[in-house]
Amino acid sequence: MGLIVQKFGGSSVADAQRVNNVAKIVTDTYKQGNDVIVVVSAQGDTTDDLIAKANEISAKPSAREMDMLLCSGEQISIALLAMAIKNLGFPVISLLGWQAGFNTSSSYGKARIKKINDERLKNEISKNNIVIVAGFQGINKYDDLTTLGRGGSDTSAVAIAAVMHADKCQIFTDVDGVYTADPRKVENAQKLKDITYDEMLELATLGAQVLNNRSVEMAKKYNVELEVLSSLTNKPGTIVKEVANMEKMLVRGVTKDTDVARVCIMNLPDTPGVAFKIFDKLAAKNVNIDIILQSVGRDGTKDITFTTTCDNCDTVKEIIENSFEYQEAKVEINTNVAKISVVGAGMESHPGTASKMFEALYESDINIQMISTSEIKISVLIEKENADKAVSAVHKAFFPAK
Ligand code: ADP
Ligand code: ASP
Ligand code: MG
């Protein structure tokens, strides 16, 4: 008995049958004596379809109008789910993000939650209503609608669980937990019983789509225990928490990220301050940098290579072409790359992890372009066309079929 937040992703509410299925899960939870707040995403591929519609009108639509458009997807879902719950004879109310108190920063398309004014949520709960909230959206200081970025409904759910001090936050999706790799793409991917916030954060940031990385960051910060589970099967899912049972696993997962661009600046002077001047300019324009590699100086020159996300390519080009002081330098941007990573807190104390990963890639004849490591992950940059083959080979090396 307590307060439970349940989030249902797009595939879980894709059609009338699925909406009715969700209504059943929610009302079963309510019948057990719990207060329930539900966060839903837009149905099926609605968000992608709305983006395609916008692009039919404009190649570069205004960010404000884009958010106005995208918020409509979740509005459809909350109304339909509330109707389905009413049909089952339960008290229910649907709320848009702003009605549920979501105040965000002003940046359209990638707004951050600043504060949730919980008055309305508390009030509806005190009236014994099941509350259905539109995920992925809020309102900014100009009273404009904003969205939180793709996959943002996970973050909406965790944020509500944090402010309302919920006992549980359940993320229902179309797979029954977090796996050692994408179970739809990788043979023999294994379901994890539990995983730490830090490992899940790395997996999510490095390409495992199952949870949005900001939702994991927030869950860690406010100590919200998450469960990732399927809305279609009645099985226990994966628990994301501070301390996980390591099950003697060195590596917890293998991911791929294809939203990567490799930027190579060649023929730079081999003198102090060059890296600073370049990265300072990039930082000023909010360009996030990931792997950085600098060559050894030769004949007074050096090369600097780094990776960033594809949406930053135009900005990088502009910075380097327009405000660049090194006339002799040459720039090359390559988006035909992918980042493959292995993640696991156990690797810190096991020196063989990197060589095992590199061996698997070597045996598949895949060339490594760049490498980066932290205490709990190893990432390599490879050619994009080899991404799936690389994930399978690396996964097989760490998780041989039983
Ligand atoms: P939702 O619409 O419910 O938010 P998403 O499509 O965002 O669902 O996320 C679920 C998908 O994430 C799964 O269908 C699966 O293909 C993918 N996925 C990628 N990596 C993993 C992983 N390591 N474990 C589980 N699912 C993963
Ligand atoms: N509907 C939004 C998206 O497709 C938000 C979400 O599903 O979490 O990205
Ligand atoms: Mg999602």
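Under the 3.5 Å distance criterion, the side-chain polar atoms of E199 are matched with a main-chain donor or acceptor of A345. Remark: side-chain polar atoms of T146 are paired, donor with acceptor, to backbone N or O of G138 under 3.5 angstrom. Looking at Q43, its side chain never comes within 3.5 Å of a backbone N or O of G10 through a donor-acceptor pair. Under a 3.5 Å cut-off, the side chain of Y362 and the backbone N or O of N367 do not form any donor-acceptor pair. Not a single donor-acceptor pair under 3.5 Å links the side chain of N21 to the backbone N or O of Q17. Distance alone, capped at 3.5 Å, is enough to place a donor-acceptor pair between the K191 side chain and the D176 backbone. Looking at Q137, its side chain does come within 3.5 Å of a backbone N or O of C71 through a donor-acceptor pair. Using a distance-only test at 3.5 Å, with no hydrogens or angles considered, no donor-acceptor pair links the side chain of D174 to the main chain of S11. Side-chain atoms of T233 do not come within 3.5 Å of backbone N or O of S230 as any donor-acceptor pair. Not a single donor-acceptor pair under 3.5 Å links the side chain of S231 to the backbone N or O of F172.
Salt bridge absent: D270 and R298 never bring a charged side-chain N and a carboxylate O closer than 4.0 Å. A salt bridge links K127 and E124; the closest N-O separation between the charged side-chain nitrogens and carboxylate oxygens is under 4.0 Å. The pair D49-K53 does not meet the salt-bridge criterion, since no charged nitrogen lies less than 4.0 angstrom from a carboxylate oxygen. With salt bridges taken as basic N to acidic carboxylate O contacts below 4.0 Å, one links R252 and D194. With respect to the salt-bridge test (charged N to carboxylate O, under 4.0 angstrom), the residues K7 and D154 qualify. Under the 4.0 Å criterion applied to side-chain N and carboxylate O atoms, R150 and D48 are assigned as salt-bridge partners. Ion pairing of K31 with D28 is present here, as a side-chain N (NZ or NE/NH1/NH2) and a carboxylate O approach within less than 4.0 Å.
For the atom pair E332 CD and I320 CD1, the distance stands at 12.0 Å (nearest 0.5 Å). Distance check: Y179 OH to R184 CZ gives 10.0 Å after rounding to the nearest 0.5 Å. Between the OG atom of S106 and the CG atom of N140 there is a distance of 5.5 Å, given to the nearest 0.5 Å. Atom-to-atom distance recorded for I291:CD1 and I371:CD1 is 9.0 Å, nearest 0.5 angstrom. Atom CG of L148 and atom CG of L70 lie 11.5 Å apart (nearest 0.5 Å). How far CD1 of I4 is from NZ of K168: 5.0 Å, rounded to the nearest 0.5 Å.
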Test T155 against F136 for side-chain contact (heavy atoms from CB on, under 4.5 Å), laying out the working first.
-> CA-CA 7 Å; T155 313; F136 170 61; over 6 Å; no
Any chance you could lay out the side-chain contact (heavy atoms from CB on, under 4.5 Å) test for L206 and V343, step after step, and finish with the verdict?
-> CA-CA 9 Å; L206 294 167; V343 172; 3.8 Å; yes
Could you walk me through whether V26 and Q6 pass the side-chain contact (heavy atoms from CB on, under 4.5 Å) test, one step at a time?
-> CA-CA 8 Å; V26 170; Q6 299 185 317; 3.6 Å; yes
Assess whether side-chain contact (heavy atoms from CB on, under 4.5 Å) is satisfied between I333 and V316, documenting all intermediate values.
-> CA-CA 9 Å; I333 298 183; V316 169; 4.2 Å; yes
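More than 12 heavy atoms of other residues, nucleotides or ligands lie within 6.0 Å of NZ in K384, so this atom counts as buried by the packing criterion. Atom CG of D365 has 12 or fewer heavy atoms from other residues, nucleotides or ligands within 6.0 Å. For NZ of K241, the number of neighbouring non-hydrogen atoms (other residues, nucleotides, ligands) closer than 6.0 Å is greater than 12.
Residues I378 and T353 meet the side-chain proximity criterion, which asks for heavy atoms closer than 4.5 Å. The shortest side-chain heavy-atom distance between T104 and R112 does not fall under the 4.5 Å cut-off. Put simply, the side chain of V380 does not reach to within 4.5 Å of the side chain of M370, judged on heavy atoms. Side-chain atoms of V39 and I160, non-hydrogen and from C-beta on, do get closer than 4.5 Å to each other. Between R18 and L232, some side-chain heavy-atom pair lies under the 4.5 Å cut-off. At a threshold of 4.5 Å between non-hydrogen side-chain atoms, the residues L293 and I304 do not count as touching. Within the 4.5 Å cutoff, no side-chain heavy atoms of V158 are placed close to those of N212. Taking the side chain as every heavy atom from C-beta outward, V210 and V175 approach each other to under 4.5 Å.
When only modelled atom types and interatomic distance are considered, S392 and E187 share no side-chain donor-acceptor pair under 3.5 Å. Side-chain atoms of T196 and D198 include no donor-acceptor pair closer than 3.5 Å. Between N128 and Y30, the side chains place no donor N or O within less than 3.5 Å of an acceptor N or O (distance only, hydrogens not considered). Side-chain contact check for T309 and N312: at least one donor-acceptor pair (N or O, by modelled atom type) lies under 3.5 Å. Using a 3.5 Å distance cut-off with no hydrogens or angles, the side chains of R262 and Q369 do pair a donor with an acceptor.
In plain terms, the two heavy atoms of A390 and I340 that are nearest each other are CB-CG1, 4.0 Å. Nearest heavy-atom pair across L81 and V40 is CD2-CG1, 3.8 Å. Scanning all heavy atoms of the two residues, the minimum distance from L50 to L69 falls at O-CD2, 3.3 Å. Closest approach of T308 and V287 over heavy atoms only: OG1-CG1, 3.7 Å. Taking each heavy atom of I368 and I382 in turn, the nearest pair found is CA-CG2, 4.4 Å. When every heavy atom of H395 is checked against every heavy atom of A181, the shortest pair comes out as CD2-CB, 3.6 Å.
None of T255, T180, V342 except one satisfies the side chain to side chain contact (heavy atoms under 4.5 Å, CB included) rule with L203; the exception is T255.
By the 30° and 60° cut-offs, the orientation of the rings of F279 relative to F306 is perpendicular.
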